[in-house]
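Heads up, the thing below is written out as structure tokens.
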Amino acid sequence: GSVLREMELKKEITGIAVDPEKDIAVAVSKDEINVIDINTGSLLSTIKTSDAASIDINQSTHTALITGEKDVLLLDLNSLKAESYKLNAGSGSIAIDKYKNTVLLGVFPLSKGGQGVVEIQLPNPKPIITNLIPKSTRANEPGFTLTVEGDKFITTSSVQFDQNNLLTTFKGNKELEASVPSNIVTIPGEVPVTVTNPSPDGGTSEPYPFTIKYPIPALTSIEPNTIRAKSPEFILKAAGSNFMSGDILNFNGQDITTTYINSGELSATVPSSLISTRGTSLVVVKTPDGQNSNYLNFEVTDPFPAITDFTPKSGQTGTVVIITGENFDHAPAKVCFSKNPLYQEGLGVCASAIIQSISPNEIKAVVPISATTGPITVETTIGSATSSSNFTILSKQDFSLNISPQELSIPLNGNASAVISLQNTGLESFSGLVRLTLTQSTDTVAATFNPENISLNQSSILNIKLLSALS
């Protein structure tokens with residue numbers, strides 16, 4: 001090969017070692033140590049010593065070890081600070097195990113006499129973590145192998161995951177592997193990963209964050225999965241897997257207040273404002289860290305019809321009634337003037353009206369001949385609605401009875417009287433003659449009308465005598 005560079009030193013060199021990562025060479029002579037910048041050839045530092053013999057460099061910790069007659073000198077190549085350790089014997093050759101962070105010294109004499117090799121544990125460095133592979137997992141997933149990258153790892157380094165000691169495999173001074181069991185990755189959040197080197201010295205690295213993400217939820221069904229538009233708020237139940245506390249049901253883009261029941265069930269109240277119009281809504285489960293489940297469709301169908309008012313409130317057959325409300329336009333439509341208050345329970349008869357016109361919010365219907373006083377019902381293909389008040393059927397001539405007073409107090413064998421008169425309720429003035437009768441028990445009450453027959457402008461006196469005590 002060719003000479004790249006010459007670096008002049010004052011003393012005869014007895015040993016030399018290189019730290020390629022730092023591009024530093026350490027050359028030793030009998031009484032001094034020279035630290036040289038390989039790139040520039042400049043002398044970084046000269047340290048006076050005595051009886052320097054051999055040198056080696058731990059490239060993991062960037063520490064040079066120089067043997068002397070009765071000591072070992074440790075030189076930190078980062079700070080260029082040296083520290084001497086006394087030996088009870090002379091030393092010569094030196095070799096460093098950078099994985100174990102130990103040094104082998106040729107020593108004489110040994111503790112039992114003779115000469116040989118001694119292994120010495122060096123002060124362990126504090127480890128450094130620079131990266132994790134992977135940096136995250138999902139809660140409740142199977143255990144996995146965690147690769148820890150960094151520096152100053154040794155064979156006795158151990159990895160801690162959220163303060164749990166892991167089974168650790170040494171891969172090199174810059175890499176460890178550790179087995180992470182599934183039972184310590186069950187709760188979402190950020191946990192610290194550290195590496196610890198044992199004594200002497202050593203210590204625990206600064207924590208490196210590892211993220212446990214929420215599991216991706218799976219949505220299998222929702223109940224109900226359809227509802228009428230403009231219905232009241234309702235409870236939506238979601239079934240699936242991988243649900244966790246904190247997951248939220250989202251209804252057509254709107255997060256709704258959600259109750260966690262268990263890992264397979266959630267429930268939420270869907271407000272009526274989210275089901276005001278017909279259409280398909282998407283339901284999804286969202287995790288707090290932004291993960292989404294699969295989507296399921298929720299159908300909002302046409303709303304039921306509703307009656308808000310009608311006018312007039314009374315009339316004879318043939319009267320045109322204007323019914324106002326909403327959702328009337330789902331043909332075929334039918335308007336019923338009920339003959340029986342139990343019509344909605346299927347026990348009555350629908351007096352079907354002729355519909356003159358129909359729109360979503362108004363129906364004009366003609367009162368049929370068979371109609372009697374009662375509520376109005378609008379029926380469509382999607383449902384029905386019944387008015388809250390009655391439509392009153394008026395005859396051309398009709399009346400009602402008035403009695404004054406309406407209550408009487410009669411002593412035994414005593415008498416009392418009341419005035420009976422007619423009130424017109426028809427479209428025309430009542431012109432007939434009405435005969436008054438009273439269904440009575442002859443043993444207890446005696447009653448007479450005077451006169452028995454009255455017309456609209458007449459009145460009759462009802463005389464009542466109590467013959468015996470009422471039971």
Side-chain angles (χ1 to χ4, degrees), residues 132-144 146 161-164 180-193 207-306 308 326-327 330 382-385:
L132 299 177
I133 303 174
K135 290 184 173 67
S136 65
T137 191
R138 297 196 180 279
N140 299 326
E141 288 195 350
F144 61 97
L146 178 67
F161 186 96
D162 197 20
Q163 301 181 2
N164 294 285
V180 182
S182 59
N183 65 337
I184 62 173
V185 288
T186 59
I187 301 175
E190 189 175 274
V191 298
V193 174
Y208 198 99
F210 183 93
T211 302
I212 303 174
K213 298 180 179 179
Y214 279 78
I216 297 177
L219 191 57
T220 56
S221 66
I222 51 176
E223 182 184 350
N225 58 12
T226 183
I227 201 170
R228 295 287 181 183
K230 299 184 180 180
S231 295
E233 66 177 31
F234 67 97
I235 300 297
L236 179 67
K237 294 182 179 180
S241 58
N242 289 334
F243 298 158
M244 297 198 76
S245 179
D247 286 350
I248 295 175
L249 277 167
N250 182 281
F251 190 94
N252 212 32
Q254 180 71 45
D255 292 345
I256 51 180
T257 302
T258 303
T259 300
Y260 171 80
I261 298 174
N262 55 51
S263 62
E265 186 176 357
L266 302 172
S267 69
T269 300
V270 180
S272 58
S273 60
L274 297 183
I275 52 171
S276 60
T277 58
R278 174 184 176 179
T280 300
S281 297
L282 298 179
V283 177
V284 63
V285 178
K286 295 173 61 177
T287 66
D289 58 0
Q291 304 297 319
N292 290 343
S293 73
N294 56 301
Y295 289 85
L296 292 181
N297 289 340
F298 185 97
E299 298 297 331
V300 181
T301 59
D302 289 310
F304 288 118
T308 56
E326 55 188 14
N327 307 315
H330 294 277
I382 63 169
S384 63

Heavy-atom pair of closest approach, residues Phe210 and Pro134 = CE1-O, 3.2 Å

Should we say atom CD1 of Ile187 is surrounded by more than 12 heavy atoms from elsewhere, each under 6.0 Å from it?
-> no

Determine whether Leu236 and Ile222 make a side-chain contact, defined as any pair of heavy atoms from C-beta on separated by less than 4.5 Å.
-> yes

Shortest non-hydrogen separation from Pro288 to Gly246 and the atoms involved | CG-O, 3.4 Å

With a 4.5 Å heavy-atom cut-off, do Ile248 and Val285 have their side chains touching?
-> no

Any donor-acceptor N/O pair, Thr258 side chain to Ile256 backbone, under 3.5 Å = yes

Pairs satisfying side-chain hydrogen bond (donor to acceptor under 3.5 Å, both in side chains), at least one member in residues 261-277, at least two apart | none

List the steps and the verdict of side chain to side chain contact (heavy atoms under 4.5 Å, CB included) for Lys230 and Phe304.
-> CA-CA 8 Å; Lys230 299 184 180 180; Phe304 288 118; over 6 Å; no

Selection residues 279-288 - residue pairs positive for side-chain hydrogen bond (donor to acceptor under 3.5 Å, both in side chains), sequence neighbours left out = Asp255-Lys286, Thr280-Glu299, Thr287-Asp289

Mind checking whether Phe234 and Phe298 have parallel, tilted or perpendicular rings, split at 30° and 60°?
-> parallel

Expected output: side-chain Asn294 to main-chain Ala218 donor-acceptor under 3.5 Å | no

Quick check: does any side chain N or O of Arg278 sit under 3.5 Å from a backbone N or O of Thr301, one acting as donor and the other as acceptor?
-> no

Can you name the nearest heavy-atom pair linking Asp247 to Pro217, along with the distance?
-> OD2-CB, 4.5 Å

